[in-house]
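Quantities reported herein were computed from a predicted structural model and do not represent experimental measurements. All values below come from the heavy atoms of this structure, side chains included, with hydrogens, waters and symmetry mates left out.
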Amino acid sequence: MKMKVMNVAVVGAGIYGINHVNAYTWNPNTNLVAVCDLNKEITDKIAKQYEVKTYNDVNEMLDKEEIDAVSIATPDAFHMEPALAAIRHGKPILVEKPLATTSEDAKKILAEAEKYKVRVAVDYHKRWDPAAINVRNELQKAETGAPVRGYMNMDDIIDVPTEWFGWADKSSPVHFLGTHCYDQIRWYMGCEIEEVSAVGTKKVLKSKGIDTYDSIQATLKMENGCYWTVENSWILPKGFAKNNDGRTQILCENAMFRIDSQNRGVEMFNHEKQRTPNSYFILNNCGRPSGFGIEPINDFIYCLQKDIPFIADGNDGLQAELVAEAVHESLETEKKVQIKRD
């Protein structure tokens, strides 16, 4: 049976929001009816390229257009206002990670969603990574045994906070990168993080006038007794072979797993440097977007149409933010911090 085509809108059409625009443009089950961004330069460009209505005010868009669902891809610290606007208009939302940069804001979003009876999904796209899915499936097998320890790093090149975005001082390696790690670890382990301790440095970016951490290292204690080390930074040198780096290792009673997210098996060389692109994340395939960075956007629509649970929902967003907040508290107090859950 052919599924009903859903009218969708995107709020935030910058570096990552454009992936939502492209996904909905090509999804046969969606009709992209509007795009909203505070930057008129961006909306003028979108209107011309995609022949879609654009707005610079989210409430105006929601009042004027017939919309079934909304994607929110604004900068990290600015998710709450458009999320609440969409929710109060009765629209289910997909929010780019993190759900919010404070647990208070995350709880407000979820409380309003419950009040207005709308659903919230969070784009933790690592849950769609084929390598991660493979490892998670192995972890669930009885013969693998209990997990003993884990390690994960996710780092970006220095261009990200210094050139790509103008709001790095309102975020951190924890909110921008660590939140992916915390969510993925919860997903791997099938349980919550109980306690964190963290250390970090502020030097390189601060010298450039950006008041945020360069690097943060955290130790996580899980409910199942497994300990994880998580490292996040966004000051890798510009000459690094990829815009980001990521590795995972999990030691269990009867098995060990490794994932190298930096070198996915494709290497490219020119007279300037070597590159190792992620051939599975987001690709332009004859104009069509594909990969595990696009799948969660399409899956958001599929889950709404089929009325089935999201793979990553609002509670997942809240739990990751509680961990991120605890990591920052540990950085400031230099003490272990218990995760407080209501």
Cluster question for you: counting only ILVMFWY and a side-chain heavy-atom cut-off of under 4.5 Å, with indirect links fine, are [X] and [Y] together?
{"X": "Met6", "Y": "Val70", "answer": "no"}
{"X": "Phe176", "Y": "Ile185", "answer": "no"}
{"X": "Met154", "Y": "Ile216", "answer": "no"}
{"X": "Ile93", "Y": "Leu32", "answer": "no"}
{"X": "Leu205", "Y": "Val327", "answer": "no"}

side-chain contact (heavy atoms from CB on, under 4.5 Å) for Thr248 and Val135? Distances and angles first, verdict last.
CA-CA 10 Å; Thr248 299; Val135 166; over 6 Å; no

Are Ser233 and Asp155 close enough that a side-chain donor and a side-chain acceptor fall under 3.5 Å?
yes

Can you tell me if Tyr182 and Gln319 form a side-chain donor-acceptor pair at under 3.5 Å?
no

State whether [X] and [Y] are salt-bridged, where the test is any N-O pair (Lys NZ or Arg NE/NH1/NH2 against Asp/Glu carboxylate O) under 4.0 Å.
{"X": "Lys91", "Y": "Glu65", "result": "no"}
{"X": "Asp57", "Y": "Lys64", "result": "no"}
{"X": "Asp245", "Y": "Arg247", "result": "yes"}

What is the minimum heavy-atom distance between [X] and [Y], and which atoms define it?
{"X": "Val323", "Y": "Val196", "result": "CG1-CG1, 4.1 Å"}
{"X": "Asp307", "Y": "Arg119", "result": "OD1-NH1, 3.8 Å"}
{"X": "Val266", "Y": "Ser279", "result": "CG2-OG, 3.2 Å"}
{"X": "Asn232", "Y": "Gly178", "result": "OD1-CA, 3.2 Å"}
{"X": "Lys242", "Y": "Ser261", "result": "NZ-O, 3.2 Å"}
{"X": "Thr144", "Y": "Cys252", "result": "O-CB, 3.6 Å"}

Say you draw a straight line from [atom1] of [X] to [atom2] of [Y]; how long is it, rounded to the nearest 0.5 Å?
{"X": "Ile250", "Y": "Arg258", "atom1": "CD1", "atom2": "CZ", "value": "12.5 Å"}
{"X": "Leu304", "Y": "Asn29", "atom1": "CG", "atom2": "CG", "value": "11.5 Å"}
{"X": "Asn298", "Y": "His20", "atom1": "CG", "atom2": "NE2", "value": "10.5 Å"}
{"X": "Ile282", "Y": "Asn22", "atom1": "CD1", "atom2": "CG", "value": "9.0 Å"}
{"X": "Arg264", "Y": "Ile259", "atom1": "CZ", "atom2": "CD1", "value": "7.0 Å"}
{"X": "Glu231", "Y": "Cys181", "atom1": "CD", "atom2": "SG", "value": "10.0 Å"}

Determine, step by step, whether Gln184 and Arg136 satisfy the side-chain hydrogen bond (donor to acceptor under 3.5 Å, both in side chains) criterion, reporting the C-alpha distance in whole Å, the side-chain angles of both residues, the deciding distance to 0.1 Å, and the verdict.
CA-CA 10 Å; Gln184 195 170 14; Arg136 184 173 184 264; over 6 Å; no

Side-chain donor/acceptor of [X] to backbone N/O of [Y], under 3.5 Å:
{"X": "Asn284", "Y": "Pro289", "answer": "no"}
{"X": "Asn31", "Y": "Val33", "answer": "no"}
{"X": "His79", "Y": "Pro98", "answer": "yes"}
{"X": "Lys97", "Y": "Asp76", "answer": "no"}
{"X": "Thr54", "Y": "Ala47", "answer": "no"}
{"X": "Asp68", "Y": "Asn7", "answer": "yes"}
{"X": "Thr276", "Y": "Asn263", "answer": "no"}
{"X": "Gln274", "Y": "Ala241", "answer": "no"}
{"X": "Thr25", "Y": "Val21", "answer": "yes"}
{"X": "Thr201", "Y": "Asp214", "answer": "no"}

Asp316 and Trp187: CA distance, side-chain angles, deciding distance, side-chain contact (heavy atoms from CB on, under 4.5 Å) verdict:
CA-CA 9 Å; Asp316 293 312; Trp187 183 62; over 6 Å; no

Tyr50 and Ile18: CA distance, side-chain angles, deciding distance, side-chain contact (heavy atoms from CB on, under 4.5 Å) verdict
CA-CA 11 Å; Tyr50 292 88; Ile18 198 66; 3.7 Å; yes

Which residue pairs satisfy the ring-ring contact (aromatic ring centres under 6.0 Å, His included) criterion with at least one member in residues 273-309, sequence neighbours excluded?
His125-Phe281, Phe281-Phe292, Phe300-Phe310

Mind checking whether [X] and [Y] have side chains closer than 4.5 Å, heavy atoms only?
{"X": "Val11", "Y": "Tyr55", "value": "no"}
{"X": "Met61", "Y": "Lys53", "value": "no"}
{"X": "Pro75", "Y": "Phe165", "value": "no"}
{"X": "Trp234", "Y": "Thr212", "value": "yes"}
{"X": "Lys221", "Y": "Lys336", "value": "no"}
{"X": "Phe257", "Y": "Tyr188", "value": "no"}
{"X": "Thr74", "Y": "Glu81", "value": "no"}
{"X": "Pro147", "Y": "Met189", "value": "yes"}

Examine Lys202 relative to Tyr213 and say whether NZ or CZ is less than 6.0 Å from the centre of the six-membered ring and inside a 45° cone about the ring axis.
yes

Would one find more than 12 heavy atoms of other residues, nucleotides or ligands at under 6.0 Å from atom [atom1] of [X]?
{"X": "Ile311", "atom1": "CD1", "answer": "yes"}
{"X": "Gln140", "atom1": "CD", "answer": "yes"}
{"X": "Glu51", "atom1": "CD", "answer": "no"}
{"X": "Lys208", "atom1": "NZ", "answer": "no"}
{"X": "Glu66", "atom1": "CD", "answer": "no"}
{"X": "Glu60", "atom1": "CD", "answer": "yes"}

Can you tell which of Glu223, Glu192, Glu194, Glu321 makes a salt bridge (Lys or Arg N to Asp or Glu O under 4.0 Å) with Arg186?
Glu192

Identify the residue among Lys107, Arg88, Lys117 that makes a salt bridge (Lys or Arg N to Asp or Glu O under 4.0 Å) with Glu112.
Arg88

Check against side-chain contact (heavy atoms from CB on, under 4.5 Å), Tyr116 and His89
CA-CA 8 Å; Tyr116 286 87; His89 280 78; over 6 Å; no

